[in-house]
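One structure is given here, and the rest of the page talks about it.
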Protein chains: 2
Amino acid sequence: MSVTPKARGRHHHGDLRRALLDAVAEIVQESGPEAVTLRECARRAGVSHSAATPHFGDKRGLMTAFATEQSQRLREAMEAAVAALPAEAHPAEHLAATGRGYMAFVRDNPAHFRLMFRTDLIDTADPAWAEASSRARDPLDTAMRALVPGADDRAMRARLALAWAGVHGFCTLRAEAPRSDLWYPPPREAEVAEDLLALLLAACATDPCA
Amino acid sequence: MSVTPKARGRHHHGDLRRALLDAVAEIVQESGPEAVTLRECARRAGVSHSAATPHFGDKRGLMTAFATEQSQRLREAMEAAVAALPAEAHPAEHLAATGRGYMAFVRDNPAHFRLMFRTDLIDTADPAWAEASSRARDPLDTAMRALVPGADDRAMRARLALAWAGVHGFCTLRAEAPRSDLWYPPPREAEVAEDLLALLLAACATDPCA
DNA sequence: CTTGGATCTGACCATTGTCAAGTTGAATCG
DNA sequence: CGATTCAACTTGACAATGGTCAGATCCAAG
């Protein structure tokens with residue numbers, strides 16, 4: 001709560017921008033994306049409710065900045081999972097690792113994930129967000145291209161769509177599940193995730209010309 | 001806008017419950033789930049701002065009733081797609097038709113679909129909603145069981161998860177796409193959907209014991 | 001020390017959801 | 001047929017939110 005002593009260049013607050021983004025993370029984790037209010041963020045940062053305006057413009061700007069950060073973290077999670085593989089790993093392992101990285105991120109940050117896709121709360125015209133969102137698709141993209149190098153555009157599109165939809169859909173359903181009780185309970189969850197990935201890999205690796 | 005002349009048993013309004021649900025549908029279609037307010041619904045129905053209370057309790061009650069209706073419509077769309085098949089259709093055709101019914105519903109009602117999965121706006125403890133949501137999974141379930149009758153529990157779970165996540169994930173991404181520009185443009189959309197279904201069917205139909 | 005500009009405060013407004021209390025009107029009962 | 005009853009609806013009020021704006025405040029450069 002106390003002002004960070006470094007106060008690097010900032011006038012009153014140590015780093016209000018950071019503090020507000022952290023407040024968003026806190027609230028999202030505690031009570032979900034819809035519980036985030038500008039005033040509560042300001043309260044947690046110890047500032048007045050309109051202190052955020054110079055930094056983020058309005059609430060949507062704050063949410064967009066937060067979502068942008070999370071998109072970067074998601075991409076880094078996937079890249080880290082791939083980087084942890086042995087050098088001689090098969091392309092299929094790369095794709096699987098990418099999927100596991102995605103799923104692990106959402107398992108550990110379900111509320112952050114839900115916020116990232118609340119396109120009503122974020123400014124989709126923001127260039128930084130657009131780039132972060134776009135780059136978050138790169139790991140899956142490159143892994144898939146390495147797995148099926150001979151596929152033509154259409155076959156590649158179909159495989160990317162299936163992989164993306166399958167992993168994303170799984171995560172979406174799981175992230176909503178605690179509230180709706182319509183998905184697999186936690187013990188089964190890991191098993192189902194692995195089996196789903198295996199089916200997905202088999203489907204994508206089949207010869208597209210067959 | 002005028003009161004329906006029948007006025008079947010209702011006191012003041014012809015059928016306020018129906019009128020309010022229709023207002024939700026209108027607003028959701030025009031401006032998305034987050035634009036729905038109790039007061040605007042009441043305005044469109046031509047009643048006072050708290051007229052909804054006796055019928056739905058609070059806003060969440062109204063949203064829940066609406067989501068319940070949409071879940072039923074979604075299930076009916078899938079059942080209709082299966083029923084339109086020739087009697088001798090292969091089980092794989094049943095599964096594909098189920099997926100097509102799901103996708104067609106979301107293509108035609110993207111905003112309604114988005115609302116259905118906004119578990120923060122609906123009361124997931126409502127028994128009617130829970131039953132409608134549960135029954136909406138039946139068509140996919142039965143089609144899958146018919147396609148892979150020999151699969152054990154684990155293999156069946158994995159296939160159901162993949163099919164459900166794949167179709168649902170595809171629809172989720174598409175329903176958000178108009179706002180985020182991160183999915184395929186409409187001309188490709190139908191093609192990608194068909195190819196995705198084909199990959200999905202192939203993945204699910206493979207012998208689970210192989 | 002002065003000046004400038006970024007940073008933050010406090011107050012205002014419109015809007016929302018919810019609640020309590022009143023009003024209406026249709027159906028029921030004597 | 002008239003009085004009663006009860007749910008449907010209206011009215012008015014409340015707290016909370018987001019956005020905006022004038023102005024106070026503070027840091028840093030000159």
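Naming: A, B, ... by sequence-line order, numbering from 1 per chain.
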Separation of B:E40 atom CD from C:dG17 atom C1', in whole Å?
15 Å
Which part of the nucleic acid, if any, lies within reach of B:T53 when heavy atoms closer than 4.0 Å are counted: base, sugar-phosphate only, or nothing?
nothing
B:T37 has a side chain; which of C:dG17, D:dT11, D:dA8 sits nearest to it?
C:dG17
Check ion pair A:D195-B:R154 (N to O, under 4.0 angstrom):
yes
Between D:dG19 atom P and A:F56 atom CZ, what is the distance in whole Å?
14 Å
What's the NE2-P distance between A:H55 and D:dG19, to the nearest Å?
16 Å
Where the side chain of B:L16 is concerned, which of C:dC8, D:dC9, C:dA20 is the nearest nucleotide?
D:dC9
Would you call A:E69 and A:R73 a salt bridge, taking side-chain N to carboxylate O under 4.0 Å as the test?
no
Which whole-number value in Å describes the distance from A:L121 CG to D:dG18 C1'?
13 Å
Please answer whether the main-chain N or O of A:V36 pairs with a side-chain N or O of A:K59 as donor and acceptor at a distance below 3.5 Å.
yes
Can you check whether B:R43 has a side-chain N or O nearer than 4.0 Å to OP1 or OP2 of C:dT15?
no
Against the side chain of B:S50, the closest entry in D:dG19, D:dT11, C:dT18 is D:dT11
For the pair made of CD in B:E34 and C1' in D:dG18, what is the distance, rounded to whole Å?
15 Å
Counting only heavy atoms not in B:R188, do more than 12 sit closer than 6.0 Å to its CZ atom?
no
Grab the NZ-C1' distance between B:K59 and D:dA16 for me, whole Å please.
14 Å
If you count every heavy atom of other residues, nucleotides or ligands that lies below 6.0 Å from B:E191 atom CD, does the total exceed 12?
yes
Rounded off to whole Å, could you give me the CE-to-C1' distance for the B:M63 and C:dG17 pair?
12 Å
Roughly how many Å is it from CG in B:L20 to P in D:dA8, rounded to a whole number?
13 Å
side-chain N/O A:H49 vs C:dA11 OP1/OP2, d < 4.0 Å:
no
Check this one for me: any side-chain N or O of B:R39 less than 4.0 Å away from OP1 or OP2 of C:dA14?
no
